[in-house]
Structure formats: C-alpha cells, structure tokens
Protein chains: 2
Amino acid sequence: MAPTSETLTAERILEATEEVLRRHGPAKATVVDVARALGVSHGSVYRHFRTKAALREAVTKRWLDRTSGQLSGIAEADRVPEARLREWLAALFAAKRRKAGEDPELFATYTVLTGENGSVVGEHITDLESQLTRIIQAGVDTGDFAAADAEASARAVFQATGRFHDPCYAKEWEEPGTEADFAAVVDLLVQGLRRTP
Amino acid sequence: MAPTSETLTAERILEATEEVLRRHGPAKATVVDVARALGVSHGSVYRHFRTKAALREAVTKRWLDRTSGQLSGIAEADRVPEARLREWLAALFAAKRRKAGEDPELFATYTVLTGENGSVVGEHITDLESQLTRIIQAGVDTGDFAAADAEASARAVFQATGRFHDPCYAKEWEEPGTEADFAAVVDLLVQGLRRTP
DNA sequence: CAGCTGACAGGTTTCAATATCTGTCATTCG
DNA sequence: CGAATGACAGATATTGAAACCTGTCAGCTG
C-alpha cells in the first residue's frame, strides 16, 4: 500500500503481515502479498524470516504477547489476592471475548495461527500460568489461600476456566447466561482455594 | 455386507450407518453406502429417515445416549456424595479418553457428527448436568456440600472439567501429567463444594 | 559489498468439466 | 395395499490441467 522508503525491518514486515492477514484471512495470505504491501520483492521478506511458517509464528507470538502484557499489570497489582485473582480471570475472559466479538474474522484468523504454532501457544500458556501462580502464592503468603502447591493450583484454575478463554469455546461466549456461568465457576474455584479455618 | 432378509427397521439402518461411518469416515459416508450395506435401495432408507442429516443425528443421539446410560448408574449409586462425584467425573473422563485413544478415527468421526448436531449435544449435556445435579443435591442433603443452587453448581463443575471431557481437548488426553491435572482440578472443585464449618 | 531483485524448480491451490449423491415419486412387487 | 424400487433433477463432490505460491540463488544496484 505505502511503499515507504524506510529500511526494511522485521518489525515492519510483521506489521504488514498482520494487515495482510486481516485483509485476506489465514488461508489466502501469501508472502507475495506481504511483499507487495511493503513495496518490495518477496525475496526480501525471506531475508528476515527463513520461512512463511516462521513469519506466521512471529506474528502469533506478537499477538499473544500483547495479551500477556495487559494481564501482567493485574497480576502485579497491589490488592488483596482474592480480588486480584477474580480481576485477572475476568480480564482474561473480557479480553478474549472482546476480540472474538468485535472482529470475528480476525479472531478466527488468529485461532488458525495459534493452532499452527503449538510451541508458541505453549509458552504463552506457561506465561499466563506463572502470572496466576504469583497471585495464588501471594494468597498463600497472606494466609487467605490454602494451596500445597501454588503452581499446581494455578494450573488447575487456568484449566478449569478454559471454557472462558479457550478459542474453541468462542462461539458460546455471547450466549445469555455466560456471565452467570463464569461467575459460578470462579466462585467455586475461589471457594476451593480459600483457607478453611 | 450381509443382506439379511429381515424386515428393514430404523434400528438396523442405524447399525449399518455406524458401520459405514466407521469404514468410510464422516466425509465419505453416503446414504447409498448405507443402503448397499443393507442390500436395499437408497429410497428405502428415506422411508425411515427424512434426510441424511436426520439419519446422522439419530446415530449421534444413539452414541451419546450410550455414554449417558453408563454414567447414570454411578449417579444413582449408594455411596457418599463426594465419592460418587469423584467417581462420576473420573468415569466420564475415562470413557471419553478410552474412546479417543482406542479408535481415534472413529472418535474423530463422532466429533464431526456432534459438531453438526448442536441440539442433540445440548440435550446430552443437559442430561449429564442433571445427573451431576442429583449427586450434588444429595451432598447438600447430607450436609457434606454447601451449594446455594445445586443445579448452578453442577453446571459449574461440568464446565470446569471441560478440559477432561470435551472432544476439542482430545489430543491432549494422552500427554503425561494429564492424570495429575485432572486430580488437581477435581480436588479444587470438591474443596469448593464442601461445607465450611 | 550489503541488500535487493526476479527468474526458476518443485509443490500446492484453483477452477471448470465430469461424476456422484440427495431427495422425490411414479411405478413395480409380494 | 403397503413396502420397496430405480430413474430423475438439482445439488455436491471429484478430478486433472492450469495458475499460483514458496523458497533459492545468481546477478544487479546504489
């Protein structure tokens, strides 16, 4: 679109790739399209990314990292652990649901990309679980939570709330009653974490 | 295969359809194949099922009902509610995992079928949730569980354990650590249900 | 000379012609 | 007479040839 004469950088290629994916979708987005959007030949793109798969992987990582970054603020916040946990889970759900609802096609695109890039997604999940672990460990430290193994509990909480952040459930997020379902699951999990006197 | 001269019944057609689906998979299984397997013309099949979709739906229902039936025995068993709940959840997970592991192609076939038949799946889930509700209500009655709304709690438990029964996670069920993950989630949920003195 | 280009080989996708399937129904069969 | 058949129209799937894409590299350009 804009064949700016700035030097070609990995960052600019990623930007252009996101745009091409947004326009054409994951099935029809080609490396040639990306090069054309940048006003260069596709050979130049291959100077920065060894393969098309590597390019798509990098775009996926960028996208996931943005979510992680937003949530880490909450994980570190200076609040009572239970409130922090509830807020973090609500923010994760809200972020995913907003993305799925606002631009379903783009969300579908990234769902395809995450399906292709198991290891990047795995790292993202590890990251989210470690944020959760910090929250739960804080709760154990204050005596609010009883968890023999904060990491295992974090994993359990993350998996138990999968219905509210895993893309495979995206189409159900706008159904009525979803809010209540989310609240019920979170209440049950928080109750399970609480220290019983 | 065996063009027996018994009268053509819906039951025999369903049997043959399951066999054809097992052989050819969901994409290539045709009504003509089913008729051929029964030694009749495909017009005869349409006397019993209005459309191909209705036939596939009936097969799906049969398959799901078999699972429900197995589990209902546990739901009604004469045991302490907590043990019954744990056993029921473990049985659900074990049944799904066994089916997915023993014959992955057949499982994939049924995953496609359940994807096509939202309402039948919805009824199946309602059925499972009502079995769970009965277990949890029993726990409330004995004073073991504290749940303001047994039905809502049942729904929460069912959704929170989705990772261990929803087909979209099937490929992760054989990974190491899955048993431990399952145990951690169930422990957390049971702890959340327990009455806190 | 570092970075970019564009032609190219091998592989994948598209498209239109062809074959098959779904669902109906007038007719046949027992 | 009720159950089953098979020819048929319209819809869907398959196939093979042509178009396009990926990844490489010898050579061009600033």
Side-chain angles (χ1 to χ4, degrees), chain A residues 1-61 105 108-109 112-113 115-117 120, chain B residues 1-61 105 108-109 112-113 115-117 120:
Chain A
M1 205 98 299
T4 66
S5 54
E6 287 172 53
T7 61
L8 189 58
T9 136
E11 184 62 22
R12 285 188 62 221
I13 292 174
L14 290 175
E15 212 91 50
T17 305
E18 284 198 348
E19 180 58 20
V20 168
L21 282 165
R22 193 170 286 122
R23 287 254 160 82
H24 300 353
K28 300 178 80 177
T30 73
V31 176
V32 172
D33 290 331
V34 173
R36 190 164 29 233
L38 288 162
V40 300
S41 82
H42 74 281
S44 301
V45 173
Y46 280 97
R47 182 161 301 279
H48 295 266
F49 297 93
R50 254 199 311 302
T51 64
K52 182 186 186 182
L55 176 56
R56 288 164 80 104
E57 183 177 294
V59 169
T60 307
K61 183 162 162 42
E105 287 193 33
T109 293
V112 171
L113 289 181
E116 288 170 3
N117 297 89
V120 167
Chain B
M1 204 98 298
T4 66
S5 54
E6 287 173 55
T7 61
L8 189 58
T9 138
E11 184 61 22
R12 284 188 61 221
I13 293 173
L14 290 175
E15 212 91 50
T17 305
E18 284 197 347
E19 180 58 22
V20 168
L21 282 165
R22 192 171 287 121
R23 286 255 161 81
H24 301 350
K28 300 178 79 176
T30 73
V31 176
V32 173
D33 289 332
V34 173
R36 191 163 30 234
L38 288 162
V40 300
S41 82
H42 75 280
S44 302
V45 173
Y46 280 98
R47 182 162 298 282
H48 294 266
F49 295 94
R50 254 200 310 295
T51 65
K52 183 186 186 182
L55 176 57
R56 288 163 80 105
E57 182 177 294
V59 169
T60 307
K61 183 162 163 42
E105 288 194 31
T109 292
V112 171
L113 289 181
E116 288 170 5
N117 297 93
V120 167

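To find a chain, count down the sequence lines: A is the first, B the second, and so on, and within it residues start at 1. As the structure is a prediction and not an experimental result, all values here were calculated from the model.
- Rounded to whole Å, atom P of C:dC4 lies 9 Å from atom CD1 of A:I13.
- Across the protein-nucleic acid pair, B:R47 atom CZ and D:dT5 atom C1' stand 10 Å apart, rounded to whole Å.
- For the atom pair NE2 (A:H48) and CG (A:L55), the distance works out to 11.5 Å, reported to the nearest 0.5 Å.
- Between A:R23 and A:E19, at least one side-chain N (NZ, or NE/NH1/NH2) sits under 4.0 Å from a carboxylate O, which counts as a salt bridge.
- With rounding to the nearest 0.5 Å, the separation of CZ in B:R36 from NE2 in B:H42 is 11.5 Å.
- Between B:F49 and B:L14 the shortest side-chain heavy-atom distance falls below 4.5 Å.
- A search for side chain to side chain donor-acceptor pair (under 3.5 Å) contacts involving A:T30 returns A:D33, not counting sequence neighbours.
- Nucleotide C:dG23 holds its P atom 11 Å from the CZ atom of B:R56, rounded to whole Å.
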Note to self: Generate the contact string for nucleotides 8-21 of chain D. Rules: B means base contact, S means sugar-phosphate contact only, - means no protein heavy atom under 4.0 Å.
What the structure shows: -------------S

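- Look at B:T7 and you won't find any side-chain N or O under 4.0 angstrom from OP1 or OP2 of D:dA3.
- Rounded to whole angstrom, the span from the NE2 atom of B:H48 across to the P atom of C:dT22 amounts to 17 Å.
- More than 12 non-hydrogen atoms from other residues, nucleotides or ligands lie less than 6.0 angstrom from CD of A:E11.
- If you measure from atom CZ of A:F49 to atom P of D:dT24, you get 15 Å, rounded to the nearest angstrom.
- Looking at the side chain of A:Y46, the nearest of the listed nucleotides C:dG3, D:dA4, D:dT24 is D:dT24.
- What separates CG of B:L38 from P of D:dA4 is a distance of 11 Å, to the nearest Å.
- Phosphate contact (OP1/OP2 of D:dT5, side-chain N/O of B:S41, threshold under 4.0 Å): present.
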